[in-house]
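To start, the structure under review is shown below, and the notes come after it.
Side chains are part of it too, since the values below use all heavy atoms of this structure and drop only hydrogens, waters and symmetry mates.
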Amino acid sequence: MIKVNCSPEIDERRTAHILKEIAKDKMGGWLGLPRKIDMGEFVRIKEAAKKINEESEYLVCIGIGGSYLGHRAIIEALRPKSETKIIYAGNSLSRRELDYALKRVGDHDFSINVISKSGTTLEPAIAFSAFKKKLIEKYGEEEANSRIYATTDKKEGALHDEAVAVGYTRFVVPDNIGGRYSVLTAVGLLPLLVAGVDVDKLLEGAAEAVETAVEPATKYAWMRYTLGQRGYDTEVFASFEPATLYFNEWLKQLFGESEGKGGQGIFPASVIYSTDLHSLGQFMQDGRRNLFETIVDYPTDEINARVVQAVRIAHTDGGIPVLDITVPTYDEKGFGELIYFFELACALSAKLFGVNPFDQPGVEAYKNELRKLMAKE
């Protein structure tokens with residue numbers, strides 16, 4: 001069970017009201033998801049993963065934001081064993097990165113999992129076009145189409161329509177679950193299975209957290225809100241395991257997109273200790289006191305545990321509020337529990353700040369400006 005080391009004042013009636021609001025929200029489908037997995041689709045996902053593992057040396061996962069961060073976080077943290085390697089593309093507009101990904105695949109056998117609800121987001125659309133061309137050149141159009149797996153909208157959209165017309169294997173991005181909350185859907189399950197993650201244990205941990213995570217998530221959300229009201233406008237997620245770098249990236253998206261609107265929210269940042277103690281450590285110890293630190297304390301070895309203890313003492317003495325989130329196990333079950341805990345805490349926290357945890361209106365701003373610039377050219 002996840003443990004949190006804080007004791008904020010909690011308005012139980014307000015918390016109960018918020019939990020009911022989340023459950024009723026049209027985008028609150030993730031709340032009971034670990035216990036309501038579509039078993040028919042889950043079986044199809046397992047069959048697809050088996051086929052990919054049998055015929056491909058690489059699976060190219062194409063997506064951006066919530067379409068790739070969640071499953072990449074788990075894969076990189078657990079480093080599972082699989083003969084099929086995962087390559088990520090479509091998460092930037094850098095031509096160098098796209099060329100590098102294409103060169104990594106080279107002449108190896110590969111398949112594509114393109115993940116996009118609409119199919120029109122520019123970054124994955126460009127990468128999908130490039131890898132689809134490479135796939136067709138290598139295998140011919142018919143076999144290429146059998147190696148493309150589209151995770152997209154159930155009924156509509158550019159990718160949905162292409163997948164139906166051409167015959168790609170399709171999986172569903174649920175209408176009631178947003179991208180940053182979607183790691184336990186087909187969005188994450190197919191890449192995780194291909195990579196060798198024990199998804200059954202991951203879902204088991206998340207399912208248990210449906211009950212066990214409510215109390216610690218409530219405490220953490222109220223503590224964040226209390227600190228925010230006191231002028232602490234930046235949260236630094238601190239991990240002492242380098243392999244959890246992308247888990248920190250997922251946390252930043254989860255909290256940044258969920259809370260950062262209407263002039264509200266706490267800015268999410270992250271560090272990996274002890275590495276960053278030798279770069280950002282000075283600022284953390286003696287810099288501006290507008291931040292608080294959330295240590296995600298994974299089970300670790302004795303030396304690393306001493307570093308955790310030393311940092312906690314030093315930073316507390318330096319005037320930083322330090323929160324501790326203790327993770328019971330560093331495995332699939334532990335990460336399943338941790339994912340659900342943070343999703344729930346984030347939704348609660350955003351509601352306390354008075355914002356909608358499930359929309360992201362500001363994300364469209366740069367897209368609209370980019371469309372204008374490209375139209376001129």
Side-chain angles (χ1 to χ4, degrees), residues 8 10-34 36 63-70 115-118 120-121 153-154 156-157 172-185 187-188 206 209-210 213-214 216-235 237 249-269 294 339-369:
I10 296 173
D11 184 333
E12 300 289 354
R13 291 183 63 184
R14 189 177 177 190
T15 301
H17 177 71
I18 289 174
L19 287 171
K20 288 180 181 178
E21 282 188 340
I22 294 171
K24 292 178 180 178
D25 195 288
K26 64 180 181 180
M27 297 304 292
W30 55 271
L31 195 63
L33 177 66
K36 297 178 181 179
I64 194 167
S67 295
Y68 91 105
L69 277 174
I115 307 166
S116 176
K117 189 166 179 62
S118 67
T120 59
T121 303
D153 191 86
K154 185 177 183 179
E156 60 185 8
V172 175
V173 178
D175 289 333
N176 61 347
I177 300 176
R180 56 190 177 274
Y181 293 86
S182 69
V183 64
L184 299 179
T185 72
V187 169
V210 172
V214 175
T218 299
K219 289 169 65 177
Y220 175 53
W222 274 96
M223 193 71 246
R224 295 182 79 255
Y225 176 68
T226 300
L227 289 168
Q229 296 300 100
R230 293 176 182 173
Y232 292 95
D233 58 15
T234 300
E235 177 176 21
F237 292 104
E249 294 301 308
W250 176 73
L251 286 175
K252 288 190 285 188
Q253 187 208 4
L254 180 67
F255 282 89
E257 278 194 341
S258 297
E259 282 190 348
K261 56 202 75 168
Q264 295 295 320
I266 294 170
F267 183 80
T294 298
I339 287 165
Y340 191 86
F341 163 83
F342 274 120
E343 288 178 345
L344 181 58
C346 181
L348 280 166
S349 184
K351 288 282 189 179
L352 289 173
F353 280 106
V355 300
N356 182 354
F358 309 125
D359 66 358
Q360 51 279 336
V363 174
E364 294 302 315
Y366 96 88
K367 292 182 181 179
N368 291 335
E369 294 303 319

With a 4.5 Å cut-off on side-chain heavy atoms, are [Y] and [X] touching?
| X | Y | answer |
| --- | --- | --- |
| F342 | L251 | yes |
| K261 | D359 | yes |
| I266 | Y232 | no |

T120: partners by side-chain hydrogen bond (donor to acceptor under 3.5 Å, both in side chains), with sequence neighbours left out: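 Once residues adjacent in sequence are excluded, the partners of T120 under the side-chain hydrogen bond (donor to acceptor under 3.5 Å, both in side chains) criterion are S118.
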
Residues which pass side-chain hydrogen bond (donor to acceptor under 3.5 Å, both in side chains) with D175, listed by chain and number, not counting sequence neighbours: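 With neighbours one apart ignored, the set is K117.
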
I need the [X] [atom1] to [Y] [atom2] distance, nearest 0.5 Å.
| X | Y | atom1 | atom2 | value |
| --- | --- | --- | --- | --- |
| Q264 | S349 | CD | OG | 10.5 Å |
| I177 | L33 | CD1 | CG | 4.5 Å |
| K36 | L184 | NZ | CG | 14.5 Å |

T121 and K367: CA distance, side-chain angles, deciding distance, side chain to side chain contact (heavy atoms under 4.5 Å, CB included) verdict: CA-CA 9 Å; T121 303; K367 292 182 181 179; 4.2 Å; yes

Just by distance, do the side chain of Y340 and the backbone of L31 share a donor-acceptor pair under 3.5 Å?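 Yes; at least one donor-acceptor contact below 3.5 Å.
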
For G66, is there any backbone N or O sitting under 3.5 Å from a side-chain donor or acceptor partner on W250?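 Not at all, since once roles are kept as given, no pair shorter than 3.5 Å links the two residues.
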
Please find the pair of heavy atoms, one from [X] and one from [Y], that lie closest to each other, and give the distance.
| X | Y | answer |
| --- | --- | --- |
| R14 | K351 | NH2-O, 4.3 Å |
| P357 | S258 | O-OG, 3.2 Å |
| A221 | L352 | O-CD1, 3.7 Å |

Could you work out, with salt bridge (charged side-chain N to carboxylate O under 4.0 Å, His left out) as the rule, every residue matching D233, not counting sequence neighbours?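 D233 satisfies salt bridge (charged side-chain N to carboxylate O under 4.0 Å, His left out) with no residue once adjacent residues are dropped.
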
